Amino acid sequence: MPPFNPVFARLPTTIFTVMSSLAREHDAINLGQGFPDSNGPEHLRTIAAQALIDGPNQYPPSAGIPELRRAVAEHNQRFYDLRFDPDAEIIVTCGATEALADCLLAMLSPGDEAIVIEPAFDSYVPIIRAVGATPRLVQLQPPDWRFDEEALRAAFNERTRVLIINSPMNPTGKVFTEYELSVIAELLCQYDACAICDEVYEHLVFDGRQHLPLMCLPGMRERCVRIGSAGKTFSMTGWKIGYISAPRVLAEVIARAHQFVTFTTVPALQKAVAAGLASEPAYFTRLAADLQAARDVLRTGLEDIGFKVLPCHGTYFINADFSELDKDRDDMEFCRHITAAAKVAAIPVSVFYEPGNPNAPRKLARFCFCKDTAVLAEAVARLRRYFAQGS
Ligand code: GLN
């Protein structure tokens with residue numbers, strides 16, 4: 001037997017890679033993997049390009065260039081009135097994916113438990129298991145992704161060290177309410193646990209709602225680490241610049257995990273992201289307004305066709321129940337089928353649950369709307385034609 005870690009040996013390839021390949025194979029519009037079809041703000045690309053030419057192009061400090069660490073700290077203060085020491089409490093990573101792994105590596109030991117709220121982003125559970133800890137899964141209930149206080153309470157025990165919360169939440173589009181956050185905060189205090197707050201969609205919130213970091217609640221400043229992603233905030237998912245804001249004691253150990261995962265990340269991109277985080281308020285409001293308009297185009301189109309569309313208050317994603325359109329297929333079969341037959345790719349929502357979980361929804365497809373409205377209109381037209389002729 002080759003020397004495999006069983007956690008990774010048993011994992012399938014991530015659904016995002018699978019569906020993007022399938023979309024390419026069938027020349028389908030890819031509303032699966034979440035990435036914008038624009039190129040990102042030109043002035044940030046210009047800063048990055050110039051910095052690549054001018055240098056420096058050698059290792060930046062492991063925690064990130066001072067300019068970006070300062071910008072992350074200022075962004076925290078500006079939007080949430082959270083104060084951080086840029087020299088001791090901010091760590092720049094290779095995307096939020098690395099940030100999540102660093103935090104889990106730093107905060108969990110074998111035998112610990114980590115609470116994960118399903119449906120969950122697919123990187124959380126494998127890393128928890130790889131460090132020898134145990135995920136405790138708590139489900140939200142569709143269609144409104146209700147938060148079950150008793151189920152959450154029951155998941156906590158004396159082995160609980162960490163809870164991961166993703167708000168605004170992929171794939172549900174849920175933005176956790178202040179009440180829900182206060183329940184989580186109370187439980188974290190009661191069990192002396194910490195939260196890893198995956199807030200990569202912090203600026204992608206719609207309909208006048210506000211994103212509220214768990215870290216802003218009383219007693220939470222020292223119990224939370226907040227993770228952001230330039231990929232989402234600046235619509236350049238390929239840049240892979242993430243940032244962690246954490247209390248000093250946690251940041252110190254997370255930085256040690258980070259130093260042996262990637263050590264550091266591209267200096268020219270860090271410089272551009274620093275400029276981006278200092279953008280005028282209009283940049284952030286426009287980003288959300290454009291995405292909200294795109295969401296509405298896709299939502300209306302899907303509803304017209306006969307999908308039952310679930311609420312979406314944030315992120316890049318909207319979920320649609322296809323029970324009325326296809327009685328037989330489950331979500332995996334349905335998403336593969338429409339990619340080939342209607343030439344529109346989507347992501348089956350059941351992949352965000354533990355395999356074999358009998359409570360995972362089987363009739364929901366996640367569609368990504370961070371695309372040009374003409375592309376969304378064409379996707380809707382293809383689906384409409386396809387379902388009009390009978391699937
Ligand atoms: N977060 C993206 C999504 O949910 C995909 C990220 C990835 O491909 N690793 O679609």
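Everything numeric here is computed off the predicted structure, so don't read it as measured data. Residues: numbered from 1 along the sequence shown. Whatever order the structure lists them in is the order used to number ligands and atoms, beginning at 1.
- Note that Lys371 lies in the cation-pi zone of Phe35, set by a 6.0 Å cut-off to the ring centre and a 45° limit from the axis.
- Residue Leu277 forms a side chain to side chain contact (heavy atoms under 4.5 Å, CB included) with just one option from His75, Glu74, Arg70, and that option is His75.
- Salt-bridge annotation for Glu186 and Arg153: present, with a side-chain N of the basic residue lying under 4.0 Å from a carboxylate O of the acidic one.
- Of all protein heavy atoms, the one lying nearest to atom 1 (N) of ligand 1 is Phe121 CE1, 3.4 Å.
- By the criterion of a heavy-atom distance under 4.0 Å, the side chain of Phe317, and not its backbone, is placed next to ligand 1.
- Proximity of Arg366 to ligand 1, defined as any heavy-atom pair under 4.0 Å, is confined to the side chain (atoms from C-beta onward).
- Of the protein's non-hydrogen atoms, the one nearest atom 2 (C) of ligand 1 is Gly34 N, 4.0 Å.
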Set out, in order, the CA-CA distance, both residues' side-chain angles and the distance that settles side-chain contact (heavy atoms from CB on, under 4.5 Å) for Phe147 and Phe176, then state yes or no.
CA-CA 9 Å; Phe147 179 91; Phe176 281 70; 3.8 Å; yes
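- Atoms of ligand 1 lying under 4.0 Å from at least one heavy atom of Gln33, given by number and element, are 7 (C), 8 (O), 10 (O).
- Ion pairing of Glu89 with Arg69 is absent here, as no side-chain N (NZ or NE/NH1/NH2) approaches a carboxylate O to less than 4.0 Å.
- Phe16 and Phe352 have tilted rings, their planes meeting at an angle from 30° to 60° on a 0 to 90° scale.
- The option from Tyr201, Phe16, Phe35, Tyr316 that lies nearest to atom 3 (C) of ligand 1, judged by heavy atoms, is Phe16.
- Residue contacts with ligand 1 for Thr97 are absent, since no atom lies close enough (heavy atoms, distance under 4.0 Å).
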